[in-house]
2 protein chains.
Amino acid sequence: MAEVSIDDVAARAGVHRSTVSRAFSRPEAVNAATRKHVLEVAESLGYRVNPLAQALRRRASKLVPLIVPDITNPFYGELARTMAAAAADRGYQLVLCVTGGEVAQTNAYLTSLQEMYAPFGIVAPSTTVDLDELQNVALGSKVVVVDRVKQARVPTVTVDSAEGIALAVDHLHGLGHRRIAYVSGISGAYTSRDRLAAYEGLAAELDMPAMILDGGTGPDVGERAAERLVHMTREERPTAVIAANDMVAFALISALGVRGVSVPDEVSVMGFDGLEFGARFNPRLTTVRQPIADMGVIAIDLAEKLLKDGETGHVVLAPDLLIRESTAEVPR
Amino acid sequence: MAEVSIDDVAARAGVHRSTVSRAFSRPEAVNAATRKHVLEVAESLGYRVNPLAQALRRRASKLVPLIVPDITNPFYGELARTMAAAAADRGYQLVLCVTGGEVAQTNAYLTSLQEMYAPFGIVAPSTTVDLDELQNVALGSKVVVVDRVKQARVPTVTVDSAEGIALAVDHLHGLGHRRIAYVSGISGAYTSRDRLAAYEGLAAELDMPAMILDGGTGPDVGERAAERLVHMTREERPTAVIAANDMVAFALISALGVRGVSVPDEVSVMGFDGLEFGARFNPRLTTVRQPIADMGVIAIDLAEKLLKDGETGHVVLAPDLLIRESTAEVPR
DNA sequence: TTCGGTGATGCAACCGATCTCAGCAATCGA
DNA sequence: TCGATTGCTGAGATCGGTTGCATCACCGAA
């Protein structure tokens, strides 16, 4: 309670401020015995270094912005959770910044946090964020991008979209599906595009028609795709749908339900993300899982590497398959 | 880019530091013309006050911790989003703190942020957080609690549980249901208890049996409740279930689906929260909506009032009904 | 005994603001 | 005309640390 400062500790320990400071931040520069004594006194007084004062002098704080378009989406929720843990492990404090998908917001957050001497930032870009523009912002050069294709100028960590889609297509193909459609995504449109490309490639390869139920974005993708599907003739109608991400899959299944189409009895649906919530959907969602927890720690690692060596790494993670109940053998 | 400080502005404007400072933080204390000039110079130099330095000197920052047990839960997601917006409106910067439901974490966050001179904190308590214990923490006395029953010592904002449950029961009763069960909640156990009490009261009043399918917590509530339900005989089985919150409702419907029980054909299910995601569930969830957006701004208001007048307000909001497709007339 | 080197500590400036107090000019009342 | 009041502004201490530099004791070598 009684705000104890570095001078209190110094006085009580009979040394100078600077020695106390060094005892904490540059241990090798102070005599072992002195250090031990100082630390004990500090402990007994309940002293903790003031992060603001420290940041001001050092021009480097422990505040790290995590910039996401929409925290309501559990994907970003899970990302935020693991990232917060990873950050805490390294002494950082995550500052959540929700942009609503607006570039201006992203930039505003970035400059605002750079004023607080944030050492770097983590950005999970939305559809509308132009990554090149990030470079113009103060903190722009010290940013790690999550969930985005390899990009030259800043470090990135992503999941291999092609491999993920392959996993999904193979799974469905193995169940006998030959008419597999695709719906693109509410958010993360960059990866959504990758996934779409992967889907089209595989469709060609397997000699299946490429059916894009909806290529748009926004909260109504599921509705539109469902509407489109129910208006197809029996022959042209797909027997399975791959959604660009779990949220789209949920919306699609819901919209199909409203229209009396049952999943997986009439049509199989797969997601992409592997959200924990998928296990509580109705039906439980079969999906391609991204190692979100890994992405969190890797992003922080990349950031620290960037600061230390100026090295901009690009990590591509492998997804895996989570088979639950939203897919079934093709109905005949 | 070129970090411009208050002295740069002062020099360029031909006045002293202190005048520049006053021009920003105490406009009435400086000559209008001088002020205008200073502000123009500042503008042209791209000067912005350094929040860290300001906070250090003033012993009051703009950082506000929002402490939630689980950001993966869209309820807290929506809360975080609206709260962040409300905070930004007033110049605050929300710092997201995810506790995983652990008291120690909550306290750690609170003290850590009080070291950063956070003016106050917002806590959405989890099951295990003992509110009285909050008082012992540094920031403890300057905390607003969200989603928690009226409590004497700190300001709170909640939704009227009794009214919400009444809304739900009335809705179901109106559909002809006479055997209405209840399942308690994954999170927010405080309110969950209130809601349970309200349910029991109403059941008695309407002369219906009170059936608690599961009164526990944790991620498996839905599973357990579903398991219990399917093992009931036709006569004792409820025709409708009220879940303590939306997430439980989702889990329950999913678990029922796995066991071949269809909602709402065989049993109606209602949630409590009004999550946007409910509109994309299968079936779309009928639920009691909490005005989450209002809760966000009100919480900030209460906090500011607490700081200014030392007044600890308690706001109870009215919920409303969101009728969608998870409830239907009682099957006969 | 003297001197260079080394390790540990103290001194004081500094980070970028705020704020109390003093000084100064203009204005006011008598 | 003169002291008191009022309105602005400058000086400088301060918030709580960090860090380059000076100091000093102590060491072994010459």
Side-chain angles (χ1 to χ4, degrees), chain A residues 2-39 41-42 45-63 91 111-119 138, chain B residues 2-39 41-42 45-63 91 111-119 138:
Chain A
E3 304 306 343
V4 20
S5 86
I6 197 171
D7 285 314
D8 302 328
V9 179
R12 187 87 164 64
V15 297
H16 192 263
R17 286 216 305 291
S18 47
T19 302
V20 178
S21 172
R22 279 188 284 256
F24 280 94
S25 45
R26 227 139 41 84
E28 75 285 359
V30 58
N31 180 288
T34 317
R35 173 157 191 269
K36 184 156 172 289
H37 178 226
V38 168
L39 257 32
V41 170
L45 257 46
Y47 168 76
R48 304 189 49 177
V49 326
N50 183 314
L52 257 49
Q54 190 175 58
L56 177 60
R57 183 59 231 251
R58 285 195 175 159
R59 297 168 156 277
S61 73
K62 290 304 192 174
L63 261 23
T111 48
S112 150
L113 267 119
Q114 108 112 212
E115 280 167 8
M116 301 197 203
Y117 298 127
Chain B
E3 304 307 341
V4 20
S5 87
I6 197 172
D7 285 312
D8 302 327
V9 179
R12 187 87 165 64
V15 297
H16 192 264
R17 284 210 312 287
S18 43
T19 302
V20 178
S21 173
R22 279 188 286 256
F24 280 93
S25 45
R26 227 141 39 85
E28 75 285 358
V30 59
N31 181 287
T34 317
R35 172 157 192 268
K36 183 158 172 288
H37 178 227
V38 168
L39 258 32
V41 170
L45 257 45
Y47 168 75
R48 304 188 50 176
V49 327
N50 183 314
L52 256 50
Q54 189 175 59
L56 176 61
R57 183 61 234 251
R58 283 194 175 162
R59 297 167 154 277
S61 73
K62 291 301 192 175
L63 262 21
T111 48
S112 150
L113 266 118
Q114 110 111 212
E115 281 167 7
M116 302 198 202
Y117 297 126

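The structure presented is a predicted model; accordingly, all values stated were derived computationally and were not measured.
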CD1 of A:Ile6 versus C1' of C:dC14: gap in Å, rounded? 14 Å
Phosphate contact (C:dG16 OP1 or OP2) by B:Gln54 side-chain N/O below 4.0 Å: no
Just to confirm, is there a sub-4.0 Å distance from OP1 or OP2 of C:dC15 to any side-chain nitrogen or oxygen of A:Arg59? no
Please tell me if the side chains of B:Pro51 and B:Ser61 come closer than 4.5 Å, counting only heavy atoms from C-beta onward. no
Toward the 5' end of DNA chain C, which comes first, B:Asn50 or B:Arg26, by nearest nucleotide? B:Asn50
Less than 4.5 Å apart, side chain to side chain, heavy atoms only: is that true for B:Asn50 and A:Tyr117? yes
Select base, sugar-phosphate, or nothing to describe what A:Ser18 touches, counting heavy atoms under 4.0 Å on all strands. base
Please confirm whether any donor atom in the side chain of A:Arg17 sits under 3.5 Å from an acceptor in the base of C:dG10, or the reverse. no
Report which part of the nucleic acid A:Arg48 touches: base, sugar-phosphate, or nothing (heavy-atom distance under 4.0 Å, all strands). sugar-phosphate
Rounded to whole Å, CZ of A:Phe24 lies from P of D:dT18 at a distance of 9 Å
What nucleic acid atoms does B:Ala55 come within less than 4.0 Å of, heavy atoms only: base, sugar-phosphate, or nothing? nothing
Could you tell me whether the phosphate oxygens of C:dA8, OP1 or OP2, come under 4.0 Å of any side-chain nitrogen or oxygen in A:Thr34? no
Under-4.0 Å side-chain N/O to phosphate OP1/OP2 contact, B:Arg57 with D:dT14: no
Does a side-chain heavy-atom distance below 4.5 Å link A:Arg12 with A:Leu45? yes
Under 4.0 angstrom between B:Ser5 side-chain N/O and C:dC15 OP1 or OP2: no
Determine: side-chain N/O of B:Tyr47 to OP1/OP2 of C:dA17, distance under 4.0 Å, yes or no. yes
Heavy-atom nearest nucleotide on DNA chain D taken for B:His16 and for A:Ser25; more 5' hit belongs to B:His16
So A:Asn31 and A:Arg35, do their side chains get closer than 4.5 Å, heavy atoms only? no
For the residue pair A:Arg22 and A:His16, establish whether any side-chain heavy-atom pair is separated by less than 4.5 Å. no
Think A:Thr19 has a side-chain N or O under 4.0 angstrom from the OP1 or OP2 of C:dA8? no
Report which part of the nucleic acid B:Val15 touches: base, sugar-phosphate, or nothing (heavy-atom distance under 4.0 Å, all strands). sugar-phosphate
Return the nearest nucleotide to the side chain of B:Arg22; candidates are C:dT9, C:dT20, C:dG16. C:dT20
